[in-house]
Structure formats: C-alpha cells, structure tokens
Amino acid sequence: MVLTLQKEYIEDYPGKSVISSMNFIKNKYNIDFDTDEKINQFKILEEQYLLKNSVELKGLIQLLKYLNIHYYKTIVCNFQW
C-alpha cells in the first residue's frame, strides 16, 4: 500500500511537524514508506495550496493593523524549509 498525501490532509494539517505527522501515519496505519519522499511530496502540495489560497501581504498588514487597534492579541510566524 502506498501512502499518497491528499489535498484534504494539507487543509486539515494538524499543526505538528511534518516528520511527527508522517511517523504518526506510519504507526497508526502500519504503512512502510520513505519519509523523505513523502515530505518532499507534502512540500509540493503545500506550496500549491498556499499559492491558491493564501492572503496577499497587503491584506495581511491591514488586518494586523485593525486587530492591533482593536486590542486583539496576534502572533505571526514565518518559516522556510
């Protein structure tokens, strides 16, 4: 059985590290697969999803200013692979 990462997995990504998620899937479903290959596949699908569904930076900055003015606490994170 070959594990294929689906669009739904990226939309419902649990917020854990990719390696933790892959190990969870391997153990839960007793599936043997190459973790590095699946991480690369995940990165490709994630990039495609973000290109299609992400917020423009201009809109994000306006939203953060609005939230700040109205005393909403926010945390912004940026990461690269």
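Computed from a predicted structure; not experimentally measured.
Between the N68 side chain and the L64 main chain, no donor and acceptor come within less than 3.5 Å of each other.
Applying the ring-ring contact (aromatic ring centres under 6.0 Å, His included) rule to Y66 yields the partners H70; only residues at least two apart in sequence or on another chain are considered.
Counting only heavy atoms from C-beta outward, the side chains of K38 and Q41 approach each other to under 4.5 Å.
Of the candidates E46, Q48, E47, I44 forms a side chain to side chain contact (heavy atoms under 4.5 Å, CB included) with just one, namely Q48.
In this structure, D36 CG and I19 CD1 are separated by 7.5 Å, a value rounded to the nearest 0.5 Å.
The two residues M22 and F42 make their nearest non-hydrogen contact at CE-CB, 4.3 Å.
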